[in-house]
Q: 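Sharing a structure, written as structure tokens. Questions coming.
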Amino acid sequence: MTPLSRSFYERGAEELARDLIGRTLVRCLPDGRVLRGRLVEVEAYVGMDDKACHAHHGKTARNATMFGPPGRTYVYLVYGMYHMLNLVCAEEGDPQAVLVRALEPVEPSLLGTSWRGPGVLCRELSIDRSHDGLDLCSGRGIWLESGTPADLSEIVATPRIGIDYAEEWKDAPLRFCLRGSAHVSGKRLS
DNA sequence: CAGCGGATGTGCT
DNA sequence: GCACATCCGCTGG
């Protein structure tokens with residue numbers, strides 16, 4: 001399989017987020033092992049106007065990759081101990097990204113392992129700040145493969161997690177989950 | 001199930 | 001200096 005191309009990421013975060021559900025995220029570890037997960041939960045951060053988006057307060061050293069070209073990772077540390085994996089999208093200068101919140105392990109050998117929750121997921125896939133700005137189209141380290149996109153009827157939209165400070169953006173339905181998946185974080189959605 | 005503390009980078013003062 | 005952060009596992013009721 002080959003990585004999805006740059007053009008896949010050249011659109012707004014909300015549209016991309018919906019299209020990500022069901023696709024495959026690939027993590028190639030330094031030791032050569034390859035981990036694959038099906039995206040079952042993501043959140044869209046839609047740019048400067050979005051009060052939950054890190055870019056809302058402008059460009060800083062931490063969020064700089066959000067302002068760069070699409071098709072790269074944006075990885076940051078939160079609460080002093082968890083890394084978050086985001087996929088930068090839209091056009092350069094328009095800081096939009098999709099947070100990867102949960103994956104369903106694909107490899108049979110990984111039966112029983114859980115990649116529920118953005119912090120746990122990065123820990124289990126050995127993703128940290130050193131991966132910030134990594135090119136998702138290079139086929140090295142982290143990339144996406146086509147997989148089988150979920151049918152629209154299989155996607156549930158809810159408010160995003162952990163952004164109570166975001167005022168009128170707090171309740172925007174920008175979190176997308178695979179309906180009924182046991183691998184989504186939090187309680188099961190019907 | 002609500003509440004809470006851990007551990008620290010980040011950005012503003 | 002300091003308040004806060006796209007979290008999560010554990011505690012007690």
Side-chain angles (χ1 to χ4, degrees), chain A residues 9 11-21 23 25 27 37 39-68 70-90 94-105 110 112-134 136 142 144 155-178 181-190:
Chain A
Y9 302 95
R11 50 183 161 156
E14 179 171 2
E15 182 188 333
L16 175 65
R18 290 178 182 279
D19 193 17
L20 283 171
I21 299 297
R23 295 189 183 272
L25 186 138
R27 169 73 174 120
L39 284 103
V40 296
E41 180 185 356
V42 299
E43 285 177 2
Y45 289 84
V46 299
M48 305 259 336
D49 294 341
D50 180 357
K51 289 183 178 173
C53 183
H54 282 178
H56 175 58
H57 297 291
K59 185 176 177 179
T60 65
R62 176 168 80 147
N63 66 24
T65 56
M66 285 195 83
F67 289 81
R72 296 191 184 187
T73 60
Y74 165 45
V75 183
Y76 66 90
L77 180 72
V78 74
Y79 299 116
M81 58 186 93
Y82 292 106
H83 293 275
M84 302 282 116
L85 171 65
N86 297 256
L87 313 177
V88 176
C89 59
D94 181 1
Q96 301 196 38
V98 176
L99 170 68
V100 178
R101 291 192 56 89
L103 301 171
E104 173 184 343
L110 294 170
T113 61
S114 176
W115 295 335
R116 291 168 39 126
V120 170
L121 177 160
C122 283
R123 188 186 68 209
E124 297 302 309
L125 271 55
S126 298
I127 294 170
D128 59 43
R129 265 240 99 184
S130 73
H131 300 94
D132 181 50
L134 184 149
L136 292 163
I142 305 168
L144 293 186
I155 298 174
V156 191
T158 80
R160 293 168 290 181
I161 306 296
I163 55 151
D164 288 350
Y165 57 84
E167 300 176 32
E168 74 271 24
W169 286 86
K170 179 166 67 76
D171 299 315
L174 292 173
R175 171 179 178 238
F176 304 99
C177 303
L178 183 64
S181 172
H183 300 274
V184 167
S185 69
K187 66 173 189 280
R188 185 96 164 254
L189 303 168
S190 54

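In this text, all values refer to a predicted model and were calculated from it rather than measured experimentally.
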Q: Hey, does R27(A) have a side-chain heavy atom less than 4.5 Å from the side chain of S126(A)?
A: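 Sidechains of R27(A) and S126(A): in contact.
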Q: Determine whether V156(A) and V184(A) make a side-chain contact, defined as any pair of heavy atoms from C-beta on separated by less than 4.5 Å.
A: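 Not in contact.
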Q: Which whole-number value in Å describes the distance from Y74(A) OH to dA5(C) P?
A: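 Atom OH in Y74(A) sits about 13 Å away from atom P in dA5(C).
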Q: Using heavy-atom distances to pick each residue's nearest nucleotide on DNA chain C, tell me which of R123(A) and I163(A) is more 5'.
A: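 The answer here is I163(A).
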Q: Please work out if Y165(A) contacts a base, only the sugar-phosphate, or nothing of the nucleic acid, heavy-atom cut-off 4.0 Å.
A: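 Sugar-phosphate contact only.
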Q: Side-chain polar contacts of residues 40-48 of chain A - donor-acceptor pairs under 3.5 angstrom, sequence neighbours left out - could you list them?
A:
residue	atom	partner	partner atom	Å
E41(A)	OE1	S185(A)	N	2.7
E41(A)	OE1	S185(A)	OG	2.9
E41(A)	OE2	R101(A)	NE	2.8
E41(A)	OE2	R175(A)	NE	2.9
E41(A)	OE2	R175(A)	NH2	2.9
E41(A)	OE2	S185(A)	OG	2.9
E43(A)	OE1	Y45(A)	OH	2.6
E43(A)	OE2	I161(A)	N	2.8

Q: Report the distance from atom CD1 of I161(A) to atom P of dC8(C), rounded to the nearest whole Å.
A: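 After rounding, the reported distance stands at 10 Å.
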Q: What is the separation between atom CD on E124(A) and atom P on dC7(C), rounded to the nearest whole Å?
A: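 After rounding, the reported distance stands at 17 Å.
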Q: Along nucleotides 6-13 of chain B, 5' to 3', which nucleotides get a B, which get an S, and which get a -, given that the test is a protein heavy-atom distance under 4.0 Å?
A: BBBSSS--
Q: Please state how far atom CD in E43(A) lies from atom P in dC7(C), giving the value in whole angstrom units.
A: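 Atom-to-atom, E43(A) to dC7(C), this comes out as 8 Å.
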Q: State, yes or no, whether a side-chain contact exists between I163(A) and W169(A) at a heavy-atom distance under 4.5 Å.
A: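 When only atoms from C-beta onward are counted, W169(A) and I163(A) do not touch, as no gap falls below 4.5 Å.
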Q: For a quick test of reading the model, state the closest non-hydrogen atom pair linking M84(A) to L99(A) and the distance between them.
A: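 Where M84(A) meets L99(A) most closely, the heavy atoms are CB-CD1, 3.8 Å.
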Q: Would you write the dot-bracket representation of DNA chain C, where each base gets (, ), [, ], | or . depending on whether it forms a Watson-Crick or G-U pair under 3.5 Å and with which partner?
A: |||||.||||||.
